Peer 1: 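My questions will all concern the structure given below.
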Amino acid sequence: MNIYVSNLAFNIQDEELKNLFTPFGTVTSSKVINDRETGRSRGFGFVEMDDDAAAKKAIQQLDQSSLDGRAIRVSEAREKPARSNNRY
DNA sequence: GTTGAGCGTT
């Protein structure tokens, strides 16, 4: 499941998200979106977990939780248009 | 040494 994490501190990195979601389940991939031009952090990122149940549980546990002094917002990420193994 | 609504560079 793809998880959208926002309201992050500017010093948070992708490894921070991985360390935050790892105890809840297996983190397949974690990435914090930084500014592509300036390279500075944008304050939000995405976390992908193998177990969707653990992901939902992690969302409920980590949403509005205090991280680096700021309450982060965790929710399910939107689905990007993918034409892989999906059937209409 | 800066800032603060949002859904990503593959």
Side-chain angles (χ1 to χ4, degrees):
Chain A
M1 172 180 286
N2 295 51
I3 304 173
Y4 170 67
V5 184
S6 177
N7 201 26
L8 294 171
F10 297 130
N11 60 310
I12 300 301
Q13 300 299 325
D14 52 353
E15 58 182 9
E16 303 300 324
L17 288 180
K18 183 172 60 65
N19 292 327
L20 188 65
F21 282 81
T22 294
F24 291 92
T26 302
V27 177
T28 306
S29 177
S30 64
K31 180 171 60 177
V32 174
I33 307 305
N34 295 330
D35 194 278
R36 184 172 54 87
E37 301 181 24
T38 63
R40 290 170 185 160
S41 59
R42 291 185 62 180
F44 75 96
F46 292 90
V47 177
E48 185 176 0
M49 297 186 72
D50 194 298
D51 190 2
D52 53 343
K56 293 178 182 177
K57 182 170 61 180
I59 290 175
Q60 295 177 349
Q61 293 296 322
L62 294 176
D63 183 44
Q64 300 300 320
S65 64
S66 180
L67 182 60
D68 193 72
R70 295 184 184 275
I72 65 176
R73 187 174 63 186
V74 184
S75 63
E76 182 179 355
R78 293 178 181 175
E79 184 178 353
K80 295 173 60 178
R83 293 179 176 83
S84 298
N85 54 357
N86 190 0
R87 298 295 181 272
Y88 293 99

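Throughout, a chain's letter reflects where its sequence line sits, starting with A, and its residues are numbered from 1. Computed from a predicted model, the values in this text were never measured in an experiment.
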Peer 1: Can you sort out which residues in residues 24-52 of chain A have a heavy atom within less than 4.0 Å of DNA chain B? Ascending by number, please.
Peer 2: A/Lys31, A/Ile33, A/Asn34, A/Arg36, A/Arg40, A/Arg42, A/Gly43, A/Phe44, A/Phe46

Peer 1: Should A/Arg40 and A/Thr38 count as side-chain neighbours, where that means a heavy-atom distance under 4.5 Å?
Peer 2: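 The answer is yes; the side chains approach within 4.5 Å.
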
Peer 1: Keeping the roles fixed (side chain from A/Ser29, backbone from A/Glu48), state whether a donor-acceptor pair exists under 3.5 Å.
Peer 2: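 Not at all, since once roles are kept as given, no pair shorter than 3.5 Å links the two residues.
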
Peer 1: Scan residues 5-22 of chain A against DNA chain B and write down, sorted by residue number, each residue with any heavy atom closer than 4.0 Å; if none is found, say none.
Peer 2: A/Ser6, A/Asn7, A/Leu8, A/Ala9, A/Phe10

Peer 1: Between A/Glu76 and A/Arg70, just flag the one whose closest nucleotide in DNA chain B comes earlier from the 5' side.
Peer 2: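 Result: A/Arg70.
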
Peer 1: Would you tabulate the side-chain donor-acceptor contacts of residues 16-27 of chain A under 3.5 Å, counting partners in other chains and residues two or more places apart, or write 'none'?
Peer 2:
{"unit_1": "A/Asn19", "atom_1": "ND2", "unit_2": "A/Glu15", "atom_2": "O", "d": "3.0"}
{"unit_1": "A/Thr22", "atom_1": "OG1", "unit_2": "A/Lys18", "atom_2": "O", "d": "2.3"}

Peer 1: Checking one residue: A/Tyr4. Which other hydrophobic residues are in its cluster under the side-chain 4.5 Å linking rule?
Peer 2: A/Ile33, A/Phe44, A/Phe46

Peer 1: Show me, pair by pair, the donor-acceptor contacts under 3.5 angstrom made by side chains of residues 5-13 of chain A, not counting sequence neighbours?
Peer 2:
{"unit_1": "A/Asn7", "atom_1": "ND2", "unit_2": "A/Ala71", "atom_2": "O", "d": "2.3"}
{"unit_1": "A/Asn11", "atom_1": "ND2", "unit_2": "A/Asp68", "atom_2": "OD1", "d": "3.3"}

Peer 1: Given B/dG6, B/dG8, B/dG4, identify the nucleotide with an atom nearest to the side chain of A/Asn2.
Peer 2: B/dG8

Peer 1: Working to the nearest 0.5 angstrom, can you tell me the gap between A/Glu76 CD and A/Ile3 CD1?
Peer 2: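 These two atoms lie 8.5 Å from each other.
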
Peer 1: Donor-acceptor pairs under 3.5 Å, side chain of residues 55-67 of chain A to any protein atom, not counting sequence neighbours: which ones?
Peer 2:
{"unit_1": "A/Asp63", "atom_1": "OD1", "unit_2": "A/Val74", "atom_2": "N", "d": "2.9"}
{"unit_1": "A/Ser65", "atom_1": "OG", "unit_2": "A/Leu62", "atom_2": "O", "d": "2.5"}

Peer 1: Hey, could you give me the CG/CZ distance between A/Asp35 and A/Arg42, rounded to the nearest 0.5 Å?
Peer 2: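 If I round to the nearest 0.5 Å, the distance is 6.5 Å.
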
